[in-house]
Amino acid sequence: MFPSPRIYEVITRFRQGKVLNFCNGVMYKCFCNVGESDKLPDWVKPSSAADSQEDDFVIPSNMNWVGGLKAPDEKFDSKHGSFGIVDNDVAIVTRILMGDFAMPEDVVQALNGCDSCPSNSLVDKMLKRFSNDWVCAFGLFKWAQTNIRYKHSADAYDSMVDILGKLKQFDIMWGLVEEMVKVEGLISMRTMSKIMRRLAGAGRWVDAVAVFREVERYGLTRDILCMNLLLDTLCKERCVEHAQDVFLEFKNVIPPDQHTFNILIHGWCKARRLDNARSIMEDMGDHGFLPCVISYTSFIEAYCRDKDFRKVDSLLNEMQENGCPPNIVTYTIVMHSLGKAKETNEAMEIYEKMKRNSCVPDTSFFNSLIYILSKAGRLQDAHKIYEEMSRSGSSPNVTTYNTMIAAACEHSQENSALKLLHEMEESGCKADLKTYAPLLKMCCRKKWIKVLSYLLNDMVRKDISLDLGTYSIIIHGLCKSEQLEKACQFFEEVVLKGLIPFNSTFNLLVDVLERKKMEEAKRRVQDLMMQAENSEKSCRSVSFV
DNA sequence: TGAAGTTTAA
C-alpha cells in the first residue's frame, strides 16, 4: 500500500479541444503519489478532469511500482510513456503519432526524426491502433515505404485501404489502389470486398457496383464469387433493392448459384419484404436449386420478428417434410424469439425438441439460452447452463461472459458479477466494452467509487476505451447516486475527448446541479457543453472546405 | 477468407 496516491492523466496537446494523446480513444493514465509529481516524466501533465481527490484510492495488487510511477502493467517505458507496450519501436512510434498532425506528410516528417525501422508487425500494430485516425495511419504507412529494406504486405495495403474507406477518404483510397495495381498480386478479392463494403456503407452504391463492373481491370475475375460478395455487401448495408438490380442485370451473364439466392432471400427477409423473398425462392427453383436450411431459416427469422409463431411452427414442419431439417442456427433463432416474447417455457421446449432431433448445441445457442433465462429472472438455471457448456464441449466465449455479467449486475449480484470478470480473465477470454458497461453502471448505483476507479483503470490496461454511451451510463448513474462532483468530472472528460454529450445527459446533470444549488458547477457544465457543440461546428466547416 | 443465429446502455 502506498500513501495517498492521486490520479493524473496524461494530457499533452489539444486540437480544437480534442485530446490527442490517446490511441483509438484510449487515454493513457498514470498514478503518482502526492508530492511526487516532479518525478513524473515531462509528457505527463495533470488534467483538471482527473484531478480527483481520491486520497484513499487503493492500488490494485497486480500493479508494479516503477520509479515513483504506478504503471498498470509489468513494464513501463518511462522514456516514451507507454503502458503495457513491450516492443520499443511500437512505443517510440506510438509516442510520435500522438502529436498534432494536419497532413500525413507531417507525420512522415516527424517519423523521419526517429531511428525506428518499419517491420510488418510494427505497421500492423500501428494501423490497428490508429484505425480511427487516417492522417496518422496513412502517414505511418507512407513513412514505412520510404525504407528500402521494407515492403508493405498485401494485408497492410488492405488494412490501409479499409481505414481510408472507413473514414470516407475515397480519393486517397483510390490513389492507393492505383499504386497497388502496379505491383502484381497485391490486389485480391479481399481488397475489392473492403472497397465495395466501405463505398456501400457510405451510401455510394453506384460506386460499389462500378467496382464490380470494372473488377477485371484489377486482374481479377468477375465471377459468381465476386458477384455474391457485392450482393452480400449491398444487402448488409441495407440496400437490397440495389442488390436485386445487380442480380437482374447480371444473372444471364454470370450464372447465379445457391449462395446468390440465399443472400437475396435473406436481404429481402431482413427488409420485411417477404413477397420479394418468396419470388427469389421461386426463381431459385427455376434455376434448379432447392431451398436449403439457410433459405428456410431466413423466413423463420422474419416470422419470429413478427412473433408469428404459428407460421414458424408450420414452416419447421415443412422443413422436416422436405427433408431439410432445422439446424442449430434455426433453433437458436426460434428459441431466442420465444424467450424475448416472454414465452420461456415454449423456448425451453425448443431445447428439448432439439435434443430429441439430436441437434448438437453450440456456444451461440447456449449464449442465447443463458440470455433468455437471465431475462426471465432464472439466474440459477442460467448458471447451470453455463456449467453445462464446458461439459458438452462448447466453451464459453466473450458473449457468454458478457451476458452472465450483465445479468448478475441487473439482479444486484455484485460479487457474482466481479467473480465472473475474474473467471473470464482466468479462462483467457478477452473482455471488451460490453463486459465493463454493466459493471460500471452497477458501481455508480452502489456508490462504489473505488471499484469504479479500479475497473476504469483495468480497462485502460486492457486497451478498452470508453465510448459516449458508456460515459453516459456512468454520468447518469452518478447523478442518481448524487455523486455530483464525480459526474461533473466525467462530463468534462467526455468534452475533452472531443465527444458531444447527449442532450439528455446534459439536461439531467444541469437539473440535478440546479436542485442542489451547485451554481458554479452548473455554469461549468453549461460552458463545457457549449465548447463541445462549437468544436463540432468548426470541425464540420473544416471538412466542407 | 462464399449464405442464416447469441450480449447494447442514454
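Just so we're clear, the structure is a prediction, and the values are computed from it rather than from any experiment. Proteins come first, then strands; the chains are lettered A, B, ... in the order of their sequence lines, and each starts at number 1.
Across the protein-nucleic acid pair, Gln258(A) atom CD and dA3(B) atom P stand 13 Å apart, rounded to whole Å. Atoms CG (Leu220(A)) and P (dT1(B)) sit 18 Å apart, rounded to a whole Å. Taking atom CG of Asn228(A) as the reference point, atom P of dT1(B) lies 14 Å away to the nearest angstrom. In this structure, Leu421(A) places its CG atom 20 Å from P of dT7(B), rounding to the nearest Å. Between Met227(A) atom CE and dA3(B) atom P there is a gap of 15 Å when expressed in whole angstrom units. In this entry the distance linking CE of Met281(A) with P of dA3(B) reads 19 Å, nearest Å. Rounded to whole angstrom, the span from the OH atom of Tyr296(A) across to the C1' atom of dG5(B) amounts to 19 Å. Taking atom CD1 of residue Ile224(A) and atom P of nucleotide dA3(B), one finds them 13 Å apart after rounding to whole Å.
The salt bridge (charged side-chain N to carboxylate O under 4.0 Å, His left out) analysis of residues 243-267 of chain A, with sequence neighbours excluded, yields the pairs Arg213(A)-Glu249(A), Lys251(A)-Asp283(A). The ring-ring contact (aromatic ring centres under 6.0 Å, His included) pairs that include a residue from residues 339-378 of chain A are His336(A)-Tyr371(A), Tyr351(A)-Phe365(A), where partners are two or more places apart or lie in different chains. Within the structure, side-chain hydrogen bond (donor to acceptor under 3.5 Å, both in side chains) contacts touching residues 501-511 of chain A (residues at least two apart or in different chains) are His476(A)-Thr505(A). The list of salt bridge (charged side-chain N to carboxylate O under 4.0 Å, His left out) pairs with a residue in residues 386-404 of chain A, not counting sequence neighbours, is empty.
In terms of the side-chain hydrogen bond (donor to acceptor under 3.5 Å, both in side chains) criterion, residue partners of Gln244(A) (sequence neighbours excluded) are, by chain and number, Trp268(A). Every residue two or more places apart in sequence or in another chain was checked for a ring-ring contact (aromatic ring centres under 6.0 Å, His included) with Phe309(A), and none qualifies. Every residue two or more places apart in sequence or in another chain was checked for a side-chain hydrogen bond (donor to acceptor under 3.5 Å, both in side chains) with Lys384(A), and none qualifies. Leu229(A) is linked by a side chain to side chain contact (heavy atoms under 4.5 Å, CB included) to Met189(A), Ser193(A), Met196(A), counting only residues two or more places apart in sequence or in another chain. Under the salt bridge (charged side-chain N to carboxylate O under 4.0 Å, His left out) criterion, Asp362(A) pairs with no residue at all, not counting sequence neighbours.
If you check dT7(B), dT1(B), dA3(B) against the side chain of Asn402(A), the one that comes closest is dT7(B). In the set dA9(B), dA4(B), dT7(B), the nucleotide with an atom closest to the side chain of Thr403(A) is dT7(B).
Taking atom C1' on both nucleotides, dT6(B) is separated from dG2(B) by 22 Å, rounded to a whole Å. With C1' as the reference atom, dA3(B) and dT7(B) are 23 Å apart, rounded to whole Å. As rounded to the nearest Å, dG5(B) and dA9(B) have C1' atoms that lie 23 Å from one another.
For the 3.5 Å distance criterion, the side chains of Asn120(A) and Asp155(A) fail to qualify, holding no donor opposite an acceptor. Defined by atom type and a distance below 3.5 Å, a donor-acceptor pair is present between the side-chain atoms of Tyr157(A) and Glu179(A). Between the side chains of Tyr296(A) and Glu301(A), no donor-acceptor pair of N or O atoms lies under 3.5 Å.
Contacts with DNA chain B (heavy atom under 4.0 Å) in residues 259-274 of chain A: His259(A), Asn262(A), Ile263(A), His266(A), Lys270(A), listed by number. In the region residues 365-375 of chain A, proximity to DNA chain B at under 4.0 angstrom, judged on heavy atoms, holds for Phe365(A), Asn367(A), Tyr371(A). Annotation: proximity of residues 299-336 of chain A to DNA chain B (heavy atom, distance under 4.0 Å) is found for Glu301(A), Asn327(A), Ile328(A), Val329(A), Thr332(A), Ile333(A), His336(A), numbered in ascending order.
Residue Thr399(A) is in base contact, counting any heavy-atom pair closer than 4.0 Å across all strands shown. Among the heavy atoms of the strands lying under 4.0 Å from Asp362(A) is at least one base atom, whether or not backbone atoms are also near.
Close to dA4(B), at under 4.0 Å from its OP1 or OP2, lies a side-chain N or O of Lys236(A).
Taking 3.5 Å as the limit, the base of dT6(B) and the side chain of Ser364(A) contain a donor-acceptor pair of atoms between them.
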